[in-house]
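Just below is one structure, and these are the notes that go with it.
Side chains included, hydrogens not; waters and symmetry mates left out as well; all remaining heavy atoms used. Everything quoted here is computed from the prediction, not taken from an experiment.
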Amino acid sequence: MPKQKTNSSAKKRFRLTGSGKLKRNQSNKRHLLTKKTKKRKLRLTHSTLVHQSDADNVRRQLGLK
C-alpha cells in the first residue's frame, strides 16, 4: 500500500498548537492596504484558530487523521 501524501499547500498554511488545535494566518493583508484602516490591518496581523467545521478537512490534508 503506498504512503499517504500530505497536501503541500496545507503544510505551509497551517500549524498545530501545543493542545492539538490548528492555527492559521488571516487573509486580506497582501494588497490594497491603503483603503483599510490601521486598526483593521493590525487585527489581521495576528494568527487565529481554524474553525471547528473546517478542522477535519485540514487534518486530512496534513495527514493527521
Side-chain angles (χ1 to χ4, degrees):
M1 190 168 173
K3 292 182 186 176
Q4 182 181 3
K5 289 190 175 184
T6 60
N7 188 316
S8 293
S9 61
K11 253 192 312 195
K12 298 166 192 172
R13 288 181 170 96
F14 303 106
R15 303 233 185 285
L16 271 178
T17 62
S19 61
K21 295 177 183 173
L22 290 161
K23 194 165 76 165
R24 68 172 176 87
N25 288 325
Q26 302 213 53
S27 59
N28 300 319
K29 189 86 194 294
R30 294 289 181 191
H31 63 109
L32 301 176
L33 296 172
T34 52
K35 61 175 79 171
K36 295 171 188 163
T37 64
K38 192 174 186 178
K39 181 180 178 182
R40 181 177 169 190
K41 289 183 283 193
L42 186 64
R43 279 196 316 243
L44 290 171
T45 300
H46 307 296
S47 58
T48 185
L49 297 176
V50 172
H51 194 268
Q52 206 170 13
S53 60
D54 299 321
D56 286 339
N57 192 12
V58 174
R59 282 181 192 282
R60 196 174 301 114
Q61 288 176 353
L62 294 175
L64 298 173
K65 198 169 187 182

Report task. To the nearest 0.5 Å, tell me how far L44 CG sits from R30 CZ. Result -> 11.5 Å

Query raised in the report: Roughly how far apart are R43 CZ and T37 OG1, rounded to 0.5 Å?
Result: 6.5 Å

Query raised in the report: Does the side chain to side chain contact (heavy atoms under 4.5 Å, CB included) test come out yes or no for K29 and K41, once each step is laid out?
Result: CA-CA 7 Å; K29 189 86 194 294; K41 289 183 283 193; 3.7 Å; yes

Requested in this report: Just jot down the side chain to side chain contact (heavy atoms under 4.5 Å, CB included) partners of S19, sequence neighbours excluded, or say none.
Outcome: T17, K21

Requested in this report: Check step by step if side chain to side chain contact (heavy atoms under 4.5 Å, CB included) holds for R15 and L22.
Outcome: CA-CA 6 Å; R15 303 233 185 285; L22 290 161; over 6 Å; no

Under 3.5 Å, which donor-acceptor pairs do the side chains of residues 54-62 form with other protein atoms, sequence neighbours left out?
residue	atom	partner	partner atom	Å
D56	OD1	K65	NZ	3.3
R59	NH2	G20	O	2.5

Query raised in the report: When clusters are formed by joining ILVMFWY residues with side-chain heavy atoms under 4.5 Å apart, either directly or through shared neighbours, do F14 and L49 land in the same one?
Result: no

Query raised in the report: Considering residues, nucleotides and ligands other than H46, do more than 12 of their heavy atoms fall under 6.0 Å from its NE2?
Result: yes

Query raised in the report: Got more than 12 heavy atoms from elsewhere within 6.0 Å of NZ, K23?
Result: no

**Report entry** Connected hydrophobic set around L33, excluding itself, where side chains approach under 4.5 Å
**Finding:** none

Query - Polar side-chain atom of Q26 near backbone of T45 as donor-acceptor pair, under 3.5 Å - result: no

